Amino acid sequence: QVQLVESGGGSVQAGGSLTLSCAASGATATTNCIAWFRQSPGKKREGVASISTFSGSTYLIDSVKGRFTISHDNSKTTVFLHMNSLKPEDTASYYCAADRTNDCYPGSWYQFAYGGQGTGVTVSS
């Protein structure tokens, strides 16, 4: 089992920055892909970014490219989502997820074996 704990959420004004953290513990060696998802009230949970802890390759959805980056620490047990130039439409609960896969991509929340409880981000205009 892998446990995931998100942190770093908060309230910021538009144009501000936040860095979210996803700390993984337990059988982390069984996973090689960490992704971030977000969900706003009344909307589907959407994949935002992913990183392969095997190759280091990353993926970001178009709406956050140039503003968000994803990285991990040297131990590869903590993954960060660095969010800059935040917009009100980025307001959501952000969740991290982990899986072992040859195709690390934040497609569907349900394809990931493990998920966290989320951290809230509110961006005011």
Side-chain angles (χ1 to χ4, degrees):
Q1 292 290 319
V2 175
Q3 294 77 44
L4 302 171
V5 178
E6 302 94 336
S7 63
S11 297
V12 296
Q13 290 193 324
S17 300
L18 281 174
T19 294
L20 305 183
S21 299
C22 172
S25 60
T28 57
T30 64
T31 62
N32 62 2
C33 176
I34 306 290
W36 283 96
F37 290 79
R38 66 185 179 186
Q39 187 170 21
S40 303
K43 294 189 177 181
K44 289 177 57 178
R45 191 167 298 189
E46 70 167 345
V48 176
S50 62
I51 184 166
S52 167
T53 56
F54 173 70
S55 68
S57 62
T58 61
Y59 179 88
L60 295 162
I61 58 173
D62 287 345
S63 61
V64 306
K65 282 180 181 176
R67 301 188 298 120
F68 293 10
T69 58
I70 186 170
S71 64
H72 58 67
D73 66 355
N74 288 338
S75 70
K76 301 181 182 180
T77 58
T78 301
V79 170
F80 306 99
L81 185 67
H82 308 277
M83 306 186 296
N84 299 311
S85 302
L86 282 161
K87 303 176 180 180
E89 50 263 45
D90 296 316
T91 295
S93 293
Y94 283 72
Y95 304 84
C96 65
D99 200 9
R100 185 170 189 85
T101 176
N102 292 327
D103 185 16
C104 186
Y105 171 77
S108 169
W109 170 260
Y110 301 102
Q111 79 186 60
F112 284 78
Y114 306 101
Q117 295 300 306
T119 186
V121 172
T122 301
V123 184
S124 57
S125 57

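All of these numbers come straight from a predicted model, not from anything done at the bench. Computation of the quantities below employed the complete heavy-atom set of this structure, encompassing side-chain atoms and omitting hydrogens, waters and symmetry-equivalent molecules.
- Residue N84 comes nearest to S17 through the heavy atom pair OD1-OG, 2.9 Å, listed as atom of the first residue, atom of the second, then distance.
- In this structure, P106 and A49 approach most closely via the heavy-atom pair CB-O, 3.8 Å.
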#### Entry: salt bridge (charged side-chain N to carboxylate O under 4.0 Å, His left out) assessment of K87 paired with D90
CA-CA 5 Å; K87 303 176 180 180; D90 296 316; over 6 Å; no
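- Residues V79 and F54 fall into different hydrophobic clusters, defined by Ile, Leu, Val, Met, Phe, Trp and Tyr side chains chained together at heavy-atom separations under 4.5 Å.
- Taking all atoms of both residues into account, the shortest heavy-atom contact from N32 to T101 is OD1-N, 2.9 Å.
- Side-chain heavy atoms closer than 4.5 Å link hydrophobic residues (I, L, V, M, F, W, Y) into clusters, and following such links, possibly through other members, connects V123 to L20.
- Closest of all the heavy-atom pairs between G8 and L18 is O-CD2, 3.8 Å.
- For CD of Q13, the number of neighbouring non-hydrogen atoms (other residues, nucleotides, ligands) closer than 6.0 Å is 12 at most.
- Put simply, CD on E89 and OG on S63 are 8.5 Å apart, with the number rounded to the nearest 0.5 Å.
- Between the CZ atom of R45 and the OG atom of S40 there is a distance of 11.0 Å, given to the nearest 0.5 Å.
- At a threshold of 4.5 Å between side-chain heavy atoms, the hydrophobic network of Ile, Leu, Val, Met, Phe, Trp and Tyr places F112 and Y59 in two separate groups.
- Judged by distance alone, the side chain of E6 and the main-chain N or O of Q117 form a donor-acceptor pair under 3.5 Å.
- Of all non-hydrogen atoms in I61 and E46, the two that sit nearest each other are CD1-OE1, 4.0 Å.
- Under the 4.5 Å side-chain heavy-atom criterion for Ile, Leu, Val, Met, Phe, Trp and Tyr, Y95 and L4 are members of distinct hydrophobic clusters.
- Follow the hydrophobic side-chain contacts under 4.5 Å out from L81 and you reach V64 in the same cluster.
- Annotation for C104 and S50: closest pair O-OG, 3.5 Å, computed over non-hydrogen atoms.
- Here the CZ atom belonging to R38 is positioned 14.5 Å from the OG1 atom belonging to T119, to the nearest 0.5 angstrom.
- Atom OH of Y114 is separated from atom CD1 of I34 by 11.0 Å, given to the nearest 0.5 angstrom.
- Here the straight-line distance linking atom CD1 of I51 with atom SG of C33 works out to 9.5 Å at 0.5 Å rounding.
- Note that OG1 of T53 is 11.0 Å distant from CG of D73, once rounded to the nearest 0.5 Å.
- Ring geometry, Y94 versus F68: the interplanar angle falls from 30° to 60°, so the pair is classed tilted.
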